[in-house]
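Encoded as structure tokens, the structure appears first; notes follow it.
We name chains A, B, ... by the order of the sequence lines, and we start the count at 1 in each one.
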2 protein chains.
Amino acid sequence: MAKPGTTSHVGARSGTESAETRAALVEATIATLRTEGYAGTSARAIARTAGLNQALVFYHFGSVTNLLLAALDATSLRRMEQYKAAVAAARGIDGLAEVAAGIFHDDLDGGHMSVLAELIAGASSVPGLGAEVGARIAPWIEFTEHTLADTLGESPLGRLLPAGEIAYAIVALYLGIEMLAHLDGDRSRAEALFATAQRLAGLMSALLPERGADRIDAASTEGSH
Amino acid sequence: MAKPGTTSHVGARSGTESAETRAALVEATIATLRTEGYAGTSARAIARTAGLNQALVFYHFGSVTNLLLAALDATSLRRMEQYKAAVAAARGIDGLAEVAAGIFHDDLDGGHMSVLAELIAGASSVPGLGAEVGARIAPWIEFTEHTLADTLGESPLGRLLPAGEIAYAIVALYLGIEMLAHLDGDRSRAEALFATAQRLAGLMSALLPERGADRIDAASTEGSH
DNA sequence: GTCTATACTTGGATAGAC
DNA sequence: GTCTATCCAAGTATAGAC
């Protein structure tokens, strides 16, 4: 059968307009997910947002679920790049807290985290979706873990806390905050929380040796674990 | 019009079987939400689980959404009672961590938290649902806040941390963990996290004065804030 | 109060014209 | 590659018999 959608398809042809249509559908999916939620993101709704025909969803992606995953991949990629750049520029644990707060704000506005939240939400209905979404979250936990290890790796606190578990907790917390903020449309509590986190991070950084502050570029060459 | 469903309805008649039917539908809703997820919890699916007719959902509750909220109310009430009893019996911050871990385990098995998570998930589709669910989460944040204040209220840590924000964070974290654990069906990471939390709480309680340990019954009579 | 039957709507997915 | 037209499944909700 060889459905076009799944992953690659033609896609990599010369400069065909097909790629543009695919991209437009992906963007429309993100926008629809953001404004209408998971349940409101049907092939018809996506096509309407994109100003395209509903049948194109199935021609290019095979199913709505596949398009949903493609959309998640797209935002994840973009966000990961931005996170990495922001984290690389941050100094110490208080710098990280600042980055987290700023990015949370961006995410709520841009709806990138919403896409993930909606997909997690909808994952319980479609059988295979949960595992697929889970696989796409794993890199975020790893990224958080590496960032943590690099920031407070050899400090007393770093030795006390298992980085993997803390990373898992941070991702879970971030996700939970997003969902709560999404519920009543009230992001003030979430923002107050990030403000407090920044304050506490400031306190902590004063107590800790400023590891990672001036050796960011050396991080990848270090094998100490 | 006076739809039967919304909140009260006849309900409080003598010993009518109507109440039993309502209860059966509520229980079936919880069970279905747990096994099929939000999207799979239709009036038909609920009725099938209950061994009843689909039309009864609308007769007794007016709409599926109302029944969903009734189910959330039911589990919330039950869980709140269990939480309060468990917390009242706990000693100090390490006792609380133990309670949290045990209850998390129960919740995953019993699916009480799943109901909330699914409803939060689905809330983005139905217009008014988000606010309704949010209103039902508020008591949990308050409960957590009171518990925190009572446990480490006058300790140095208690003075440093704003209880309201930490409570908000804890609820968000708990929710996020539940959603992540639900995703891939892997609860081992979550349980490892709770084990670590217990270990850390043990460390902290050794450093803090054991406030709240022997004055739980006096908590409600205290006005100090 | 509970059932059967059904009207109405929406969404996934495909066939086939262009 | 994109469109129109259409099939089919599943869901909400109501009417009316019992």
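Rounded to whole Å, atom C1' of D/dT2 lies 15 Å from atom CZ of A/R22. Look at CZ on A/F61: it is 11 Å from P on D/dT2, rounded to the nearest Å. Between the P atom of C/dG11 and the CZ atom of A/F58 lies a distance of 11 Å, rounded to the nearest Å. In this structure, A/L68 atom CG and C/dG12 atom C1' are separated by 13 Å, rounded to whole Å. Distance CG (A/L52) to P (D/dT2): 8 Å, rounded to an integer number of Å. The CG-C1' distance, from B/L25 to C/dT2, rounds to 11 Å in whole Å. In this structure, the CD atom of A/Q54 is 7 Å from the C1' atom of C/dG12, given to the nearest Å.
A donor-acceptor contact shorter than 3.5 Å is absent between the side chain of A/R199 and the backbone of A/A195.
With D/dT2, C/dT2, C/dG12 as the candidates, the nucleotide lying closest to the side chain of B/H60 is C/dT2. You'll find that the side chain of A/S18 is closest to D/dG1, out of D/dC3, D/dG1, C/dA13. Side-chain atoms of A/Y59 lie closest to D/dG1 of the nucleotides D/dG1, D/dC3, D/dA15. In the set D/dC3, D/dT2, C/dT2, D/dC3 carries the atom at the smallest distance from any side-chain atom of A/N53. Counting only heavy atoms from C-beta on, B/L56 has its side chain closest to C/dC3 among C/dC3, D/dA13, D/dT2. Looking at the side chain of A/S63, the nearest of the listed nucleotides C/dG1, D/dT2, C/dA13 is C/dA13.
Applying the salt bridge (charged side-chain N to carboxylate O under 4.0 Å, His left out) test to A/E191 and every residue at least two apart in sequence or in another chain returns nothing.
Scanning all heavy atoms of the two residues, the minimum distance from A/A101 to A/F194 falls at CA-CD2, 3.6 Å.
Residues A/Q82 and A/I103 have side chains not in contact (no heavy-atom distance under 4.5 Å, counting atoms from C-beta outward). Contact check for B/T32 versus B/R48: no side-chain heavy atoms found under the 4.5 Å cut-off.
Checked against the 6.0 Å centroid criterion, the rings of A/Y174 and A/W140 do not qualify as a close aromatic pair.
Between A/R78 and A/E27, at least one side-chain N (NZ, or NE/NH1/NH2) sits under 4.0 Å from a carboxylate O, which counts as a salt bridge.
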Where do N or O atoms of nucleotides 9-11 of chain D meet protein N or O atoms at under 3.5 Å, pair by pair?
from   : atom 1 : to    : atom 2 : distance (Å)
D/dG11 : N7     : B/R44 : NH1    : 3.0

